[in-house]
Structure formats: C-alpha cells, structure tokens
K.L.:
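Would you mind keeping the following structure in view while I ask a few things?
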Amino acid sequence: MGDLTTSSPASEVPFRVSFSGHGGHLRLDPTPNPPSPIPEFVLPPAYPPESPSSVKEYLEANYLNPELHLPTAADGARVWDLDWFELARPPLEPSAARTMLVPAWEPPFRRRRPPLSSSSSRQESQVWDPESVQMDMSDVFDSGTGGITPRMPGPAKDFVRGSVNSRPFRPGGLHDDAAAAAALEKAFPEGARNGDWVHELMSGGPAQVNPPGFRKGLDLGNLKEYKSHWKCYQDGERVDEQSTSSSNDTMDKYSVQFDDLFKIAWEEDSDDKVPREDHVQQLVGDEETNDVDKQNISKLQNASETIENLDIEKQKGGAQGDVSEPQSDLDQMLLSSVKDTSRDSSGSGDGSMAKEGKVWALVGGDEDIVTNFYKLVPDMAIEYPFELDKFQKEAIYYLEKGESVFVAAHTSAGKTVVAEYAFALATKHCTRAVYTAPIKTISNQKYRDFCGKFDVGLLTGDVSIRPEATCLIMTTEILRSMLYRGADIIRDIEWVIFDEVHYVNDAERGVVWEEVIIMLPKHINIVLLSATVPNTVEFADWIGRTKQKKIHVTSTNKRPVPLEHCLFYSGEVFKICEKDAFLTQGYREAKEVFKKKNSSKLGMKPGSKPGTTAVRAGTQGRNPDTSSRDRDQKNPKPHHASSSAAAVQQSTSGPRRSESSFWMPLINNLLKKSLVPVVIFCFSKNRCDRSAESMFGADLTSNSEKSEIRLFCDKAFSRLKGSDRNLPQVVGIQSLLRRGIGVHHAGLLPIVKEVVEMLFCRGVIKVLFSTETFAMGVNAPARTVVFDSLRKFDGKEHRKLLPGEYIQMAGRAGRRGLDNIGTVIVMCRDEIPEESDLKNLIVGKPTRLESQFRLTYTMILHLLRVEELKVEDMLKRSFAEFHAQKNLPEKEKLLLQMLRQPTKTIECIKGEPAIEEYYEMVLEAEAHRESITEAIMQLPASQQSLTPGRLVVVKSQSDDDHLLGVIVKTPSAALKQYVVLVLTGDCTSSALAPDSSNQNEKEAGDFKQGYFVIPKGKRSMEDEYFSSVSTRKGSGVINIKLPYKGDASGMGFEVRAIENKEIMSICASKIKIDQVRLLEDPSKTVYSKTVQMLIKEQPDGNKYPAALDAIKDLKMKDMLLVENYYAYQRLLQKMSENKCHGCIKLKEHIALMKEQKVYKDQLNDLKYEMSDEALQQMPEFQGRIDVLKEIYYIDSDLVVQLKGRVACEMNSGEELISTECLFENQLDDLEPEEAVAIMSALVFQQRNTSEPSLTPKLADARKRIYDTAIRLGKLQREFKVPVDPEEYARDNLKFGLVEVVYEWAKGTPFADICELTDVSEGLIVRTIVRLDETCREFRNAASIMGNSALYKKMETASNAIKRDIVFAASLYVTGI
C-alpha cells in the first residue's frame, strides 16, 4: 500500500459514486467530511440505505424545488423585472419515462380463469386478472405515425443543437397507413378498440381488481347490470323491441352490433373534435357538455331510462327535436349503425372524405367566436389590458383548442398578441414554444420584448442565451439545423411561430421556410404571422395538406391607424388616396402645378435647348439613387436638382446645399403640421448618408431631448474600448442624433443601429433616413413615412417598387393609440409619376407568396440520412409542387376509371392481326417523312427525275397508308402541283369507289369520235384495241375534275393534284403515259393501259419498285441524310409487304389503333404525372446525386460517407467547396490568421469591392480554393446540373475582405482595418461574426475527420477574431 502520508493530494479528496437521471449517468460527488487517517477496511454499500423520508427529501430537492442563483453584477443593469422563470435552472436531460405498463385486454371467452375450488365462491372464480405488458410510450400515445420517432435521447450536450450522428425526427404528415395500423394493433388489442368492454359494462359482472403492475388490488364488487330494451331496425325501419337477454339468434338478424356502434361513436367523436363553427353557439349554450367522453359514459349508464323515455315520447306522436342530447344521439348512432352496415366499405365515409377532397385551410370570420369569446375561453393563459380585435380572438380560440393558425394582417395590427399567447400556452402546459424570425434584429428585439413576460432564451448564429428556456427565439436557419440534426429539445416543442412569413418570397432564403415546415414533426402546432398577401388560403392549404392538419386562416384588412397617401411637389402636399380610394382630383392638381412650373422654367431660360428639361427629368426620375461609390467619385455634381428657385440659382454650390434645400421644405412642412417623427426611405446606403449630412443646419430637438440622447449614447457606447469609441461612424452618428436626425442601413455597426432604433422608439429622433430593412427588421412605427423614390436596385437591375414592398414600408406610418391617421408621402423631384403606376402601387394587390424551393447538397445529404423521408418526398411536399400533388386523388380516380374501360379488339380478316406492327411503322415513317422528303425535294437531281411517267410512292389522303402512282403532269403556271395517277386498291372493295360525277365515260361499245378498232392480226403486244387517230401534242389543259376516281382492270385508281411533300419516295422505274388522253380527252382505254403498267411494276402484288439510289441517282453528299434515306426506304418497303397494306379494313383498323394509341398515351401520361419523375426538379436532383457519387460523398447505395457527413456540418458557406478544401488539406500550411482570412471568402457577400493586397501565401491559397470551385463547377455542368463554372466560383467565393480579416486576426484595431477597404463597417462586422460560426463548423468537421491539428487551428482562429466591437453584446440582450 505504501505510506499514506506521502500520497498525492488528489488521492486525499473523498468522493462517492452515484447514478443520476433516467439515463443512469455516472456522477462523482465529493463528501463533505474530511478523510479519516484510519483506513476503512469494510467497504460501504454501493447504494446508501434509503427510507421513504430520504426518497421524498431527494425528490423534493432535485425535482420539485427550483434551483436559484444569485443575481450578478451583469444582471443588475437590466431594465426589466426579474422573475422565477429567469432564475429557474431546469435540468437539460429529458425526464419523461420511456415505457409504461398497459393491460393486455382479452375477450371474455378467451380469458383464463382459475379452476373452481371448494374454498372459493363462484363469484371469485369469475374475477379476471389481466396481464400487464411493458410498452414504449411512443407506441401507446402516438399510434405509429407521430412526430416523435421512438429513439433514445442523445447526450445532454446535444440537447439543443443536435448532432450529425443523431437521426432526425419523422416529419409530420407522412402517409404510412400500414405502419399506423400495425402500431395501433400493437398498442390496443382488438377488444379495446371495439365495443366489447362497453357490453361488459352494461351487462354487469365482475370488475377488474388489480391495476396494471400491482400485485394486490381493491375489490369493489360486481358491476351493476342495467336492464334495458333495444330498439331494433331492419332495412332502416323500426321493428319490435328485443330484450337484451334475448337469444343471440334473435339479435343477429338485426344489424345492431356493439363493434359497429362503438366504431361509429369513436369516429363521430374524433370528427366532433374538428372545429365546426356552426356549432359554437350550441357549445356555448350548454357549458356542461364540454367533455365528450363523460357524455358517452352517461349515455351508456342511463341507457334504460333513455330508451324507455324516448319510446314513450315517440309513441305519443311527439316527434320533437328538443329531446335530450344523450337520447337523440344514442338513437342516431343506433340508426346510423343499421344503415351503415349496408353501405359499401369504400363509400363516402368521413375517413374517405378526409383523404380525398378535404379542405385543409379553414377561413375564419365566425361571429359566434367573437361574441362568446370569454365563454369559450374562460381561463385565458395570459390577460391583456385592452380589448382584443376580432382576428386576435379567433386566433386565440383556435390556439386554445390546440390547432394551427395563419394570421394575415397589416403592419402594427397586433399579430404579436397571437405569438405571445402561444408562449403563454407553452408556459401553462409546461412545454416549449419557438419563435422564428428571418432577421437577427427581429430576434434580438423580440427577446427584449418577451423577456419581462416569459421564460425566454435566444439562439442565433453567434449568441446562445438560456437555451433551456421554455420560450426560445431563434432565426429560421437555426431551427432548420435543429430539425436536420435531430435535437432532443424538439420533443418538448408544442408551438412554432413563424413571423414575417411573406419573407418566403426571398430568392436566397425563402427555401428555408419550406424546409422547416416540411420537416416539423407531427406533434408541433404551427402559428404563421404574415402581412396581407392575396393567396393566404392557398399557402395555408399547402401547409395543411403537407402536415395533414387543419390550418385556420384568420385575417383582417383593417388597419389600426388608417393611411392617407400624398404627393409632395414644389413645396406643396397633394392628397391622392384616402381610405383605400384613389383621389383623381388630387393627382390632377399636382399635375397642373407640374405643368405650370415647367412652362415658367422654360420662360426663364430662353437659351436652353428644347427638350433638355424633359430628358433630364426622365433620366433622373428613373434612377435618383446611386449605390456605387465609384459613380459618386466620377460625377461629383448633385444627383438631384432642387425643385425650388433658390436651389436652381445655387446649384453650383455643391451637393450638400442642393440636398439641404430639397429636404428642408418638406421637414418644415411636417414640423408645422406636427407630422413627426418621420421615416424617409431611401433605397441606397450612400443616399441615406448624403441626405442626413446635407441637413447640417437643422436642429430638431429640445435641450431635454439632447440631454437624454447624450446620456443614452454615453451609456451605450461605454462598453466599447477607447479606440472603438472614436470611430468616425460612432462620432458622426452621435452628432446627428443630438440634432434629432438618424440614419439606419446595413452599413452601420450593429451597436450603432441598435442605438438608433432605441432612440427612435423613444421618440427623440424626429427624422430618420433609412433603407427598406428598417420596415422589415424593426417594430418602430412613425407618424409619417416618406418615399424618396419609387424605384430601387434589387441587386440585379433598377426596377419599380412592388405593391407588397410599398405596403410593407407604408405600414410603418401611424402609431397605434397615438395617431388617428398615418401619412405617407411620395417625393416628386422633376416629374410626377404616372397615375396608373400610383394606383397599382397604393391600392393594387400585394405580391403573391411564391415558392423559392431549390435543391441544395446539404438538404440532399441530410435527407439521405432520414429513413422515413426521401428527397423525392421533400420535392413533392414543396410549395412549388402543391397544385400537382393536390390533384393526385382526382388523377387516381381517373386512372382507375381508365383502367376499367374495356378495349375494343381488332379482328383481322386475313388471319392473325398485324395492324399493331403496321401502325408502329406508320408512325415511325411519318416521323421521318417530312424531314427526309423536304431534303430530297430540294436536290437538283430530284427535280430532274420528277418528269411525267416517273413512278412515285404517294401518301394516302384518307388512310395512314402509301400508294403507288405515276406522275402525269408536272407543276405549271396554271396548277403549281404535281398531277399523279395512283392505285387505290381492288375496285370491288376499295374505299375510293368511283363517284357518280366521274361516270362520264360511255359504255364499252360506245366509241368516241376519232377512235377506231385496230384489227386483231395487226395488233402488237403493247397495243390496245383502240388507237388515236393522230398523235397530237397536248396543250396542258386539264379537262377532268380533280380528284378523278375510277376503276380499270379490276383496280381502283385516282387522279389528283399533290404537293411535293406528299411524295414519299421516287422510284427508279418509268412508264410511258399518254398525257393527252389522261387529262385532256379522258379515255377508259388509256386509263386501263396505264393501270395495267403500274400493276406490272409491282413484283409481288404489294411490293413497290426500287427507289432511286441516294448516291448514284440523287447525288446526296450528307452521310447522315443518306443513312436516314436508306432506313426510310426500307421502312416503306416493309410496310408494303405487310398484309394490312391495301386491306379494305385498313381505314377502320387504323382508326381503332389511333384510339388505342391515344388511350395508352393518356394512361402513360397520367402515370407519369403521378410518378416521382414528373417533379420539376427531378432532373436536377438526379444530376446532383451523380455529382455526390462522383466525389464520394455517397456510395452507389446512396449511403452517406465520411465526406458527406463533413458536408452536413457546413451551413454558412458553400458545402462542396468547404468540404473539398478540408479534404485537400488546403489549410494545413496556413497559420490560423491566414486560414480564417481565406475562409472569409465563403461568407462575404458583396460583389464589387476594392482589390485586396495579399501576401504570397494568401495569394496561393486563394488560387487553390478558386481552382477547386472551378473544378466542382465543371463537374456539375458535366452531370447536367444547371451551373456555370465561372459564375459558380464568383457567387460562392468573394475575396474582398481577405486582407481585412487577416489584419483583424493579427490584432489590428478596427479603425485601421476599415481603411483597407471600401466595404462598410457594418458589413465587415457581419462577415466576421458569421466567420466565427464557420470556424465552429470547420472545428466540428475536423473532429469528424479526426484531424486534431485542424481542430486546434480553428479554435485558435476563432479566439483571434472574437474581440472588441465586432463581438460587442447586443443592447437588446444585455440592456442599457
């Protein structure tokens, strides 16, 4: 053992080993007593002896009493009250039991009873002691389809954020009927789901004695039997009453079964839980009937009295509707059970209606809810000191019922009340609620607003405050990450609140909303808050159909403070809209002033060229604001000419004087009318700064307000270090703020923006120049809103404002409770906007919610890890595929109907049918005919070959067939078509029988004048009986009516005019024809001779003569055309050999084949539309899968590999570039400062910046990562992913801040690094903050890869950039 006195200090620390939590975590606890010098030879027991009092004491200390902490100095500066929620420290580990004991129910005839003994009575032998089984909680409460996937919780450190190793939860709304049925069967035996236990309850008998899991129980005696009579129905009509004690044979002939009765009651009960607004008044009137289960029990217990009373009343003829509720309900259930047994099982039950044609979006507007709100919701989770609006009451009513809502209302209408109530319900139910916002500023502000009311935590990319809180506020990207990473905290979430849902239209981040909504588990209810959009019902219907839960849409178009819209021109205000009605008179007055002023200006300047003013006004009106700093340097002249005479005279004094003279008339006008504070929206950061600086002489605050501003700024900026307090932006903004002027845009430092926002909310800032982000990210209404311009640059082009954007910004006018009306002013500089544009902007419809869903590699890799949800399922459930998926039930019905349709069979008169093969050849020939014949007819050799007597194959006009013919006449000036004689088939069966109009020939013995019969001995073999008197040359006149039909030599023929495209093939054979006797003087004899010569040219009766050779005869030189020509000729020859060719049934059979072809095409199209292949993004998905396989992120079985797991960690930068950069060890030879500088290219977003000055190592690293991006871009393009390599590299790698981040990581002060670039300070801070998140992701990736050196490097880099003003805490979070 050794000397005890020389042992190390660590061995002298006494401890004990214990287990904690339901997971059995090992815990070491130090013992308070000092160690005894005498060794204990008798070891203590593993667990100390426990008594009921010690167990009770342990439970109270650890689980019942909240653990408090003393307020620290950091908490002392908070301006809100401390409460118990904030001081509580609940354990992060889930405390819910995983299993429970349930009784295994068995039918009475299968129960095992102990044998009768002499000591036991008959009654005791009837007692049934059920066996208890241990079941998983998810199987009991979730029925197999729930939102919580039955899996064990992960470690406590991953409770909030989750882990890549954790499996995501099963998304809600997935159809898995088989799994649901199996789980339900497992959880509840058949007898528990039908009515057998009800039968036992009413028939009496022994009751159960032992509760599940107990050895002993309490015997309360037998159940009381209720004697009653059943009213039986047969075929819907009442028959004689039967006693319950009657024989089973008597009862079986009637369709009254407990199983059916209970099933109907169960289904109706579940349907009644679906909100039926037309029954709200009835529910209010009878407050004692809230519990449906209690009603059913009372109905069954009082069945005897109920039925007897009902009999008496009905026998008296009182068919009254005011019968007691239990009586009529029981009768209706019995009657419906009889009728339902005769129905088709696949009929129109409620279940089938729920699956097919169900409306998921329920539009609110029920007056009963508003009228009886306090009866419907007597015990509100939170009381409000003001009267709620109609839409707020509706939303709260549905929240109390545990249902999802979509609230659409104007800005400042009070949507936050609904979010607050969801928080209050989560607190009341001891669950959690999550509030998501699109912008970090909204998250910080909501954290401050809710902190005094609820137990609130904040989760953003760089801040994590109290993640164990009941109410969590986070960005939508954080929630998406938690869902993909399977965070265990999702088990406890009851509500998810999506604020600013109209942000789903954002091209870059809109996809996040769709992903989160699709991935939410079943048990989570959804609250959506949005500005007014035209298609709220459509969007809610998509969510309801996706999640398989009803969404209540409640909205209001009423503004709490009505708006009036005005034009400001030449120092005057013209009202153009009031109460959502456009005032044409006000617009005309502004137009008149504009015309007068322009005419006076032209009079003052006679030397100016005509049209100069108009051109100048037009160019400046289109783009008054400029966002490029280089443009300002190139053109130092004022961008906007003043509308006053003083400004015209002083236009050479510089832009400050011009801007000041432009804004001061407006500000003075607003001050005179008490229309301040005012927000002036300028759509350029530079324009905001210039406008604020131009008001150098304005002082809009009193002495007391100046003092308040100075004290507030001193307190806020005191947390900055000395050099940061003297930054030009910090000093400059304080000078503006003291005069009541503020600036707000993305280029400001975060702390400066927060100071401006808080001072504006206090009312001491009178004029605020802001970009449109102020309307989205800050809840700070003003008295007046001014639009500097109605055009903006959206990152791609200068365009007009959309109505939705205008309404969002204009909604900031009017403070609820302070102003009776809000004023919106549109500035007019050198021109008045068109009336139609103003109407569309002010009273037009806002922008519709459109899907921005797109595939990303991160999404694909995460979903490949989820067994229950495939990527195809995610694509199906996107908003983009909503309408196609919504029509699937109708398409399924149509498909079944088409499959049931009988198909007509084709009976061939020549044996085995060959029409199908022939029809396929017809379609193939038709597909090639036009292109080939067009190319052939353009050849000179073809034109030379097409002379009279040339045999050709011509397309049939009436059938999909081709016919052999001869050219009789070539195109001429009179008829620009070929005249051909074609054989149409046997004259006895030909469909082309001669018309009566063509029977103008005389009989065989009636010879025409000019013809004579040649004696038989002088005839040659080629001569006919008749010969012409003279062989005169034809005049080219056609004396027959085309088409001319007839028959000769047993064969039908037709003479018709055709286009050259109708010639399918040119034959090598020629025959002699008599054009005169065929066209000018028609003769039967000549026709007969010509037909006979054509018949001779067909060797086997069907085969055609050989076609002209492509090379020798037609002189073709294009090899592809030659190959196609030969294939086409072989196809024609094959068609002529088919027995269907020339058949009398061909036309009929071809028509049938066309019908069958159309039917098959429709069937295939329908199947395709219902398949995954019809999804819009399916081709891109296949390409991305091939890319992931090529670079080994997944294997051939779509199993995610190591590189894929690493890519799942990359959320802030492009996942492929980041992952390849790590696996190519591009950061190994770089110092931490250099590595984090190169990584800034992944998160920096501004395109046009000054070129950074890089060290040689940084330049090499830049080239390496850029080459990697180009390689990945080319690979994606190779696999048909719509990516341009150069654009892909430019969009995902922007090196503008590499030098800045490098110097910042080396310790350079913030003021110095701002001099290295033209990027604004706010964007620098935002990039470095996001870079810290990227370092954390790279660190996690290094841990997965096992690269300890990279792990330490990322940790060092993160610590190097995390300092000073960049990571100054938010004023909303820490308070002032």
Side-chain angles (χ1 to χ4, degrees), residues 926 929-959 961-985 990-1001 1008 1010 1028 1030-1048 1051-1091 1093-1094 1097 1104-1105 1107-1108 1114:
E926 187 64 25
R929 180 183 64 82
E930 189 169 349
S931 60
I932 292 177
T933 53
E934 184 179 355
I936 292 174
M937 297 306 293
Q938 292 177 355
L939 296 173
S942 300
Q943 299 297 328
Q944 296 173 5
S945 302
L946 291 173
T947 56
R950 174 69 66 179
L951 269 60
V952 291
V953 179
V954 180
K955 180 174 172 52
S956 174
Q957 291 182 335
S958 57
D959 301 333
D961 199 3
H962 52 286
L963 309 172
L964 180 63
V966 60
I967 295 179
V968 180
K969 186 176 184 302
T970 56
S972 60
L975 181 64
K976 298 181 179 180
Q977 290 178 308
Y978 289 94
V979 178
V980 295
L981 183 149
V982 294
L983 300 181
T984 57
S990 176
L992 298 171
D995 297 336
S996 58
S997 60
N998 294 333
Q999 301 296 332
N1000 52 7
E1001 299 290 338
K1008 270 189 165 186
S1028 177
S1030 64
T1031 56
R1032 65 182 177 87
K1033 188 176 181 181
S1035 62
V1037 179
I1038 301 176
N1039 292 328
I1040 60 174
K1041 183 179 179 182
L1042 300 179
Y1044 180 84
K1045 301 177 182 178
D1047 62 90
M1051 180 70 69
F1053 68 88
E1054 178 183 2
V1055 180
R1056 68 168 184 252
I1058 63 170
E1059 301 287 345
N1060 55 5
K1061 63 181 181 181
E1062 296 182 56
I1063 299 176
M1064 301 179 68
S1065 176
I1066 305 174
C1067 300
S1069 304
K1070 289 185 68 176
I1071 61 174
K1072 294 180 180 181
I1073 63 166
D1074 191 343
Q1075 187 183 90
V1076 175
R1077 295 178 183 177
L1078 288 175
L1079 299 179
E1080 295 183 28
D1081 299 323
S1083 169
K1084 261 190 177 182
T1085 308
V1086 178
Y1087 277 113
S1088 178
K1089 180 179 178 180
T1090 307
V1091 169
M1093 285 190 289
L1094 283 174
E1097 292 295 334
Y1104 292 147
L1108 291 177
L1114 297 177

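These numbers come from a predicted model, not from an experiment.
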K.L.:
Is it true that a side-chain atom of T984 and a backbone atom of G1052 form a donor plus acceptor pair closer than 3.5 Å?
P.N.:
yes
K.L.:
Aromatic rings F1053 and Y1087: how do their planes relate, parallel, tilted or perpendicular, breaks at 30° and 60°?
P.N.:
parallel
K.L.:
Is there a side-chain contact between I1063 and L946 (heavy atoms, below 4.5 Å)?
P.N.:
yes
K.L.:
Ignoring hydrogens and geometry, is there a side-chain-to-backbone donor-acceptor pair from Q1075 to V968 under 3.5 Å?
P.N.:
yes
K.L.:
Is there a side-chain contact between I1040 and L1079 (heavy atoms, below 4.5 Å)?
P.N.:
yes
K.L.:
Taking all heavy atoms of I1066 and all of S945, pick out the closest pair and write down the distance.
P.N.:
CG2-CB, 4.4 Å
K.L.:
Taking only residues two or more places apart in sequence, or in another chain, which ones meet S1069 in a side-chain hydrogen bond (donor to acceptor under 3.5 Å, both in side chains)?
P.N.:
E1097
K.L.:
Under the side-chain hydrogen bond (donor to acceptor under 3.5 Å, both in side chains) rule, collect the residues that match up with K1072, sequence neighbours excluded.
P.N.:
none
K.L.:
Can you sort out the partners of L1114 under side chain to side chain contact (heavy atoms under 4.5 Å, CB included), two or more places apart, ordered by chain and number?
P.N.:
I936, L939, S942, L1108, M1116, Y1125
K.L.:
Which heavy atom of Q977 sits nearest a heavy atom of I1058, and at what distance?
P.N.:
CB-O, 3.4 Å
K.L.:
On a heavy-atom basis, which atom in P948 and which in I1073 lie closest, and how many Å separate them?
P.N.:
CB-CD1, 4.0 Å
K.L.:
Hey, does K1089 have a side-chain heavy atom less than 4.5 Å from the side chain of D1074?
P.N.:
no
K.L.:
Could you give the distance from CE (M1051) to CG (L1094), rounded to the nearest 0.5 Å?
P.N.:
9.5 Å
K.L.:
Say you draw a straight line from CG of L981 to CD1 of I967; how long is it, rounded to the nearest 0.5 Å?
P.N.:
12.0 Å
K.L.:
How about L1078 and V1055: do any of their side-chain heavy atoms sit closer than 4.5 Å?
P.N.:
no
K.L.:
Would you find a donor on one side and an acceptor on the other, under 3.5 Å apart, between the side chain of S1088 and the backbone of K1084?
P.N.:
no
K.L.:
Could you check whether any side-chain N or O of R950 sits under 3.5 Å from a backbone N or O of I1071, counting only pairs where one atom can act as donor and the other as acceptor?
P.N.:
no
K.L.:
Taking all heavy atoms of T970 and all of Y978, pick out the closest pair and write down the distance.
P.N.:
CA-CD2, 4.1 Å
K.L.:
Step by step, work out the side chain to side chain contact (heavy atoms under 4.5 Å, CB included) result for L983 and L963.
P.N.:
CA-CA 6 Å; L983 300 181; L963 309 172; 6.0 Å; no
K.L.:
What residues form a side-chain hydrogen bond (donor to acceptor under 3.5 Å, both in side chains) with T1090, not counting sequence neighbours?
P.N.:
none
